[in-house]
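See structure below.
All residue numbers refer to positions in the sequence shown, counting from 1.
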Amino acid sequence: MEQLVGSPDVSIEACRQGERGALDAFFRAELPSLTRLVGRLVGPSGDVDELVELTVVAAIRAFPRFRGEASPRRWLASIAVQILQRELRRPERRRRVAFELVPGEALVDRAPLPDRAADSRAQVRRLYALLDRLAPKKRIPFVLHVFEGRPVDEVAAIMNASIVATKSRIFWARRSLLASARKDRTLRELFEAEVVR
């Protein structure tokens, strides 16, 4: 019986057949990774839970067509990206400014002092305000590559784009963000420490 990578007790065929126990086990295993990915893609937003739910529903509907050519996690990321591309194009989403961090999702992993925690939140808000100005086709590959640490070929596969186009989009996103960050003293430190590596 074909098993899902990273989920030894979950059968691909059972998920394709829509067996509730198999689907529950799969999504229970993948939910933390999916939530982190969506949180990083949309930024500090109350939409994370809703977008994760939309992704799960879409994945359940798409499971019968899952052929196993990509890892289940990459396949799920591709579905999330399709939904997020649509979401990030919505004018009301682009106008909305969020003021809270995604729980547990600071870009800086070190434990900050209280003043540094406030500075980090301000930096993250400003960074996502700049990301909101980017077209989804540049923003998403940039976040997948820089924040998630995914290789360019994997990002290209998730985006259903060529490697050349993906590299170009990451380059232009980075260039745009760097130009804006240089004008913002509060953001410059985070950007230079975490994004320009």
Side-chain angles (χ1 to χ4, degrees), residues 1-90 92-94 96 98 102-105 107 128 131 134-170 173:
M1 181 171 21
E2 210 177 348
Q3 301 292 320
L4 288 171
V5 177
S7 305
D9 298 330
V10 182
S11 157
I12 290 177
E13 191 54 38
C15 288
R16 283 184 187 136
Q17 297 299 321
E19 291 182 20
R20 180 162 186 127
L23 290 168
D24 284 349
F26 172 73
F27 288 110
R28 193 169 31 258
E30 293 301 324
L31 201 57
S33 173
L34 177 62
T35 302
R36 185 188 71 239
L37 170 66
V38 171
R40 285 183 172 165
L41 287 169
V42 298
S45 166
D47 295 340
V48 174
D49 290 340
E50 177 187 344
L51 293 167
V52 167
E53 186 176 328
L54 288 171
T55 302
V56 169
V57 169
I60 289 170
R61 290 179 180 152
F63 234 125
R65 298 183 303 278
F66 177 60
R67 296 187 304 264
E69 294 170 354
S71 72
R73 186 165 286 176
R74 184 186 295 181
W75 172 76
L76 193 57
S78 296
I79 293 171
V81 162
Q82 289 171 17
I83 289 168
L84 291 166
Q85 284 178 316
R86 185 177 65 233
E87 167 68 14
L88 290 171
R89 286 189 195 106
R90 286 177 35 209
E92 60 272 21
R93 168 66 179 91
R94 295 180 70 82
R96 187 165 52 245
V102 177
E105 285 303 319
L107 297 177
Y128 276 97
L131 284 169
L134 295 177
K137 68 180 183 179
K138 292 179 183 170
R139 174 192 180 134
I140 292 172
F142 177 82
V143 172
L144 290 172
H145 180 63
V146 176
F147 295 176
E148 285 275 298
R150 295 175 190 248
V152 172
D153 61 335
E154 181 180 341
V155 174
I158 289 171
M159 297 293 298
N160 195 26
S162 71
I163 291 176
V164 171
T166 301
K167 284 181 179 177
S168 175
R169 290 168 183 171
I170 292 168

Non-hydrogen side-chain atoms of Ile79 and Phe66 separated by less than 4.5 Å: no
Minimum heavy-atom distance Val48-Gly43, with the two atoms named: CG2-O, 4.3 Å
Candidate pair Val81 and Leu144, rule side chain to side chain contact (heavy atoms under 4.5 Å, CB included), full reasoning: CA-CA 10 Å; Val81 162; Leu144 290 172; 4.2 Å; yes
Spacing of Phe142 atom CZ and Thr166 atom OG1 [to the nearest 0.5 Å]: 14.5 Å
Pairwise distance CG(Leu84) to CZ(Arg139) - rounded to 0.5 angstrom: 9.0 Å
Closest non-hydrogen atom pair, Ala59 against Trp75: O-CH2, 3.5 Å
Non-neighbouring partners of Gln17 that pass side-chain hydrogen bond (donor to acceptor under 3.5 Å, both in side chains), sequence neighbours left out: Glu13
For Leu88 against Pro136, the heavy-atom pair lying closest together: CB-CG, 3.7 Å
Residues Asp24 and Arg28 bridged, charged N to O under 4.0 Å: no
Value rounded to 0.5 Å, distance of OH in Tyr128 from CG in Leu41: 7.5 Å
Ser11 versus Ala22, closest heavy-atom pair with distance: O-CB, 4.5 Å
Gly68 to Arg16 - nearest heavy-atom pair and separation: N-NH2, 4.2 Å
Step-by-step side chain to side chain contact (heavy atoms under 4.5 Å, CB included) determination, Phe27 to Ile60: CA-CA 10 Å; Phe27 288 110; Ile60 289 170; 3.5 Å; yes
Any donor-acceptor pair under 3.5 Å from Thr55 side chain to Leu51 backbone: yes
Rounded distance (nearest 0.5 Å) linking atom CD of Glu69 with atom CZ of Arg74: 11.5 Å
From CD (Gln85) to NZ (Lys137), nearest 0.5 Å: 10.5 Å
Rounded distance (nearest 0.5 Å) linking atom CG of Asp47 with atom CD of Glu53: 12.5 Å
Over 12 foreign heavy atoms within 6.0 Å of CZ, Arg61: no
Closest approach of Ala157 to Ser78 (non-hydrogen atoms, all atoms of both residues): O-OG, 4.4 Å
Acceptor/donor pairs from residues 148-155 side chains to any protein atom, 3.5 angstrom cut, sequence neighbours excluded:
from	atom 1	to	atom 2	distance (Å)
Glu148	OE1	Arg150	NE	3.4
Glu148	OE1	Arg150	NH2	3.2
Glu148	OE2	Arg36	NE	3.4
Glu148	OE2	Arg40	NH1	3.1
Arg150	NH1	Glu154	OE2	2.8

